[in-house]
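A short write-up of the structure that comes next.
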Amino acid sequence: MLWRHPAVLPTFKTWPPVLQKLTGGADLMLPGVVVPSSGLPEVQRGECCSVTLVNNSAPVAVGTAAVSSGEMRSLGMKGKGVFIVHTYMDNLWAFGDKSALPSLPTEDSQEQTENECEDDDEEETQEREEAHVEAVEEPSSTVEEQVCCRVDNMSLTEKAEKEDQKEESLDDQTTPQEKMDALLVQCFFHALKCKLKKSELPLLTSTFLRNHMFSCCPSGIQLDLKKSSYKKLSKFLHAMQQQRHLVQVKELTKGVESIVEVDWKHPELRSFAVPDETVDAAPTLDLGDEEAYHPPEITSLYSVSARLEPLFKDSNKRKGTILQPAEVRSIITEYVKRNQLVEENNKNYVTINPTLCDCLLEKSEYQEIEALKWDDLFSRTLGRMQECYQVVYPGQTPVVKKGHIEPIDISVASRGSNKKVTLIKNLEAYGLDPAAVATALQHRVQASSVLQPIPGAKDKVLVQIQGNQIQQVGTLLLDHFQIPRKYVQGLDKAPKAGKKK
């Protein structure tokens with residue numbers, strides 16, 4: 001707005017090198033102010049004002065006067081002059097369309113141009129000056145009237161239209177990386193304002209991304225850190241900490257970071273408007289709320305292997321197709337019936353044809369086995385397929401991975417002086433934050449706990465708590481977090497209760 005109407009606010013001039021200091025967070029010092037021949041603008045302490053550069057009347061900064069104009073003169077132009085709020089090329093500017101600074105003539109250059117034109121055509125100069133007075137100079141009107149007045153000069157109207165077209169073209173030229181950066185900041189603010197709870201702190205940064213930021217992404221759009229300018233979550237969070245002072249991140253161990261503090265009263269966070277369209281929020285982990293956490297739904301799946309592709313060819317299931325066990329049974333049953341392989345004398349057996357022989361039998365069995373029971377047929381088929389599993393976290397899209405999901409592993413180890421410690425691994429696969437689990441166990445057993453990185457496992461940590469606490473860990477996982485027992489191993493190592501005398 002100030003680039004279109006630079007006369008709206010009182011203006012202080014400075015030298016171009018000072019702009020770098022202002023963009024870095026410094027305030028405008030009075031020694032850096034260039035006093036024009038007309039003198040300083042009249043301002044009161046706290047009044048809004050703008051800052052321009054020499055030879056360009058387009059403002060490059062906005063702020064509030066640190067002292068009044070009279071105090072500036074009495075201080076001998078020493079000390080702070082303007083408290084800077086926003087500058088050209090700062091983070092707020094980078095969050096927008098990154099418009100370039102326009103080149104607007106100063107009062108001196110306008111006077112020089114008018115004098116040159118006066119020598120060439122005095123009448124034309126007079127008409128231009130009248131239009132200039134009508135459109136811009138209204139000393140008797142208020143600031144609001146100057147902003148809201150209708151500009152009748154056609155050249156100014158055409159210039160405004162060209163600037164609008166330029167802004168639209170700049171929006172279209174926004175790079176995918178800049179769009180991803182904007183989406184990343186939006187999801188970050190949304191997660192802090194609506195998803196994260198104070199009771200969850202400290203929270204692992206990886207858990208914050210998975211359980212909070214991803215759920216704040218608008219539907220139909222995927223948040224991808226690698227496509228942003230930050231590339232890594234740690235780099236983005238450190239920028240939010242050092243540049244905006246929104247969060248405080250602490251490194252627990254090498255490569256494992258946690259959000260330990262959030263400035264809930266930060267102006268940017270309080271003024272953030274939550275977008276209307278976002279995906280369903282994933283529930284956050286709150287140990288005090290039984291309904292806050294829901295375990296993920298885990299489904300066993302199977303992928304068609306190259307060896308079994310001929311068996312699934314008639315059903316248009318190629319190599320790599322992922323199927324549920326019920327679908328596999330249905331396809332095999334249909335294949336057997338279509339090829340009339342059910343034995344007439346005993347319906348429990350299926351005759352082995354060349355395709356079944358190649359797909360399901362070992363070479364040593366080629367001459368020995370002529371028929372298989374239905375159960376054996378199904379088990380052999382599933383056994384020769386690639387195991388997969390699907391995990392559906394509440395409020396998130398399903399995730400399919402190869403292999404089988406690793407269970408939560410609970411074990412007991414010995415430390416110095418014959419002391420026992422309980423180790424818990426693989427909590428992340430079930431949507432559990434190790435830091436929150438460690439805190440809950442601390443309250444339950446009144447023992448200290450620490451988080452340790454797992455060698456060779458990226459973004460995974462284990463919880464270590466003093467003593468043999470397998471029984472308490474099992475109760476927490478099975479009863480509170482409702483993890484199915486088949487996904488928890490090591491419960492048999494719990495200490496047995498002593499006999500009463």
Shortest non-hydrogen contact from [X] to [Y]?
X    : Y    : answer
N353 : L356 : OD1-N, 2.9 Å
Q442 : I465 : N-CD1, 4.2 Å
P434 : V463 : O-CG2, 3.5 Å
R380 : I369 : NH2-CD1, 3.9 Å

Students often mix this up, so state it plainly: with edges at 30° and 60°, are the rings of Y487 and Y430 parallel, tilted or perpendicular?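 Ring orientation, 0 to 90° scale: tilted.
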Could you list the residues that satisfy side chain to side chain donor-acceptor pair (under 3.5 Å) with N56, not counting sequence neighbours?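 Residues passing side chain to side chain donor-acceptor pair (under 3.5 Å) with N56: none at all.
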Quick one: salt bridge (Lys or Arg N to Asp or Glu O under 4.0 Å) pairs with a partner in residues 306-321, sequence neighbours left out? D314-R338
Give a yes or no answer on whether the side chain of S330 reaches the backbone of A326 with a donor-acceptor pair at less than 3.5 Å. no
Sidechain-backbone polar pair: E261 side chain, L201 backbone, donor-acceptor under 3.5 Å: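 No; judged by distance alone, with no hydrogens or angles, the pair does not exist.
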Could you list the donor-acceptor pairs under 3.5 angstrom formed by side chains in residues 399-414, with sequence neighbours left out?
residue: E406; atom: OE1; partner: N426; partner atom: ND2; Å: 3.4
residue: D409; atom: OD1; partner: Q489; partner atom: NE2; Å: 2.6
residue: S414; atom: OG; partner: K420; partner atom: NZ; Å: 3.1

From D263, L192, T205, residue fulfilling side chain to side chain contact (heavy atoms under 4.5 Å, CB included) relative to V247: L192
Any ring pair (Phe, Tyr, Trp, His ring centres under 6.0 Å) pairs touching residues 251-273, not counting sequence neighbours? F189-F272
Which residues satisfy the ring-ring contact (aromatic ring centres under 6.0 Å, His included) test with F378, sequence neighbours excluded?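 Result, ring-ring contact (aromatic ring centres under 6.0 Å, His included) vs F378: W374.
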Residues passing the salt bridge (Lys or Arg N to Asp or Glu O under 4.0 Å) test with E368, sequence neighbours excluded, are none
Tell me, with the steps shown, if W93 and T23 meet side chain to side chain contact (heavy atoms under 4.5 Å, CB included). CA-CA 10 Å; W93 169 86; T23 304; over 6 Å; no
K235 vs E257, test: salt bridge (Lys or Arg N to Asp or Glu O under 4.0 Å). Steps then yes/no. CA-CA 11 Å; K235 188 176 179 181; E257 294 183 337; over 6 Å; no
